[in-house]
Amino acid sequence: MRPYARIIIVLLVAGIGLLHAGCGIKSKPEPPEAVRPKRIMDLTAVSVAKGVRIRWGRPEHYTGGGRMRDLGKFEILRSSGGELPSVISEIAVTDLQRFRQQTHFSYLDVDTVVGHRYRYRVVSTTTDGYESLPSNQAEIVRTVPKPPPNPENFVLPTPVPLP
C-alpha cells in the first residue's frame, strides 16, 4: 500500500468518527414557541403614597412545560386612557446563579396622577431573547391611600361578652 493511501484512510476514518460524535446536543430541538416563558397570570396593582405598585410572580416554566433557568428580564408596559401600551421600564433578572432565586417581583410607578386610570402588563424575556405573551392586565385608578390609624386617638373595640 502506498504511504499517501494510508494517510487518506486514516483521514476518512477520523472524519467518520467526527460525524458520529455530533454537536453535543443530547435532546431533541424545541420549536421557538415551546421555549418562551409561560405567561404571567398573577399581576396586581395597588395605589401607594408615591404612585402605583405592581407585583407579579416569577415564571418558572416554558410554554412547552420544561423548567426555565434562563430568565433574563421583565418589560413593564403601561397604558392610560385610549393610548396603546408602551414600555415604561425594564427590570433585569440578576439571580440566575443563586441557590435561592427571587419568587416575586415588584415595580413602583411614580409617574402617575391621582384620579387617572392605568392599565399594566408585564412581558418576561429569556437571556437569549424569547418573549412571553403579555401578562394579565392589572387596571387601577390612582387614589391617595388612607393614612394609617393615629395611635393617639385609636380606640380598641369594646369586647362583647359571650352568651
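Atoms considered below: every heavy atom in the structure, side chains included; atoms not considered: hydrogens, waters and symmetry mates.
In this view, Tyr120 satisfies the ring pair (Phe, Tyr, Trp, His ring centres under 6.0 Å) rule with no residue, not counting sequence neighbours. The side chain to side chain contact (heavy atoms under 4.5 Å, CB included) test applied to Thr44 returns Arg55, not counting sequence neighbours. Applying the side-chain hydrogen bond (donor to acceptor under 3.5 Å, both in side chains) criterion to Ser124, with sequence neighbours excluded, gives Ser132. For Arg39, there are no side-chain hydrogen bond (donor to acceptor under 3.5 Å, both in side chains) partners two or more places apart in sequence or in a different chain. With sequence neighbours excluded, the residues that form a side chain to side chain contact (heavy atoms under 4.5 Å, CB included) with Asp70 are Tyr62, Met68, Thr126, Thr127, Asp128.
The hydrophobic cluster containing Val114 also includes Val144, under a criterion of side-chain heavy atoms closer than 4.5 Å among ILVMFWY residues, counted directly or through chains of members.
Separation of the Phe74 and Trp56 ring centroids falls under the 6.0 Å cut-off.
Of the possible donor and acceptor atoms, none in the side chain of Ser79 sits under 3.5 Å from a partner among the backbone N and O of Pro85.
Val123 and Phe105 fall into different hydrophobic clusters, defined by Ile, Leu, Val, Met, Phe, Trp and Tyr side-chain heavy atoms under 4.5 Å apart, directly or through other members. Both Val122 and Ile88 sit in one connected hydrophobic cluster of ILVMFWY residues. Membership requires side-chain heavy atoms under 4.5 Å apart, directly or through other members.
Remark: Leu71 CG to Tyr130 OH distance equals 15.5 Å, nearest 0.5 Å. Rounded to the nearest 0.5 angstrom, Arg121 CZ and Leu133 CG are separated by 10.0 Å. We find the CZ-CD distance between Arg119 and Gln137 to be 6.0 Å, quoted to the nearest 0.5 Å. Residue Ser86 holds its OG atom at 11.0 Å from CD of Glu75, rounded to the nearest 0.5 Å. Distance check: Tyr107 OH to Leu43 CG gives 13.0 Å after rounding to the nearest 0.5 Å.
Checked options Gln101, Gln102, Arg58; the residue passing with Asp95 is Arg58 (criterion: side chain to side chain donor-acceptor pair (under 3.5 Å)). A side chain to side chain contact (heavy atoms under 4.5 Å, CB included) with Ile54 is found for exactly one of Ile76, Asp109, Val46, Ile140, namely Ile76.
Here the side chains of Tyr118 and Thr112 are in contact, with some heavy-atom distance below 4.5 Å. Between Arg142 and His116 the shortest side-chain heavy-atom distance does not fall below 4.5 Å.
Of all the heavy atoms in Gly65 and His61, the pair that sits closest is O-CD2, 3.5 Å. The shortest non-hydrogen separation linking Ala45 to Val52 is CB-CG1, 4.1 Å. Closest approach of Ser80 to Arg117, counting heavy atoms only: OG-O, 3.1 Å.
Other residues, nucleotides and ligands place no more than 12 heavy atoms under 6.0 Å from the CG atom of Asp111.
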Q | Residue pair Glu131, Arg36: steps toward the salt bridge (charged side-chain N to carboxylate O under 4.0 Å, His left out) verdict | A | CA-CA 6 Å; Glu131 291 184 350; Arg36 62 188 334 174; over 6 Å; no

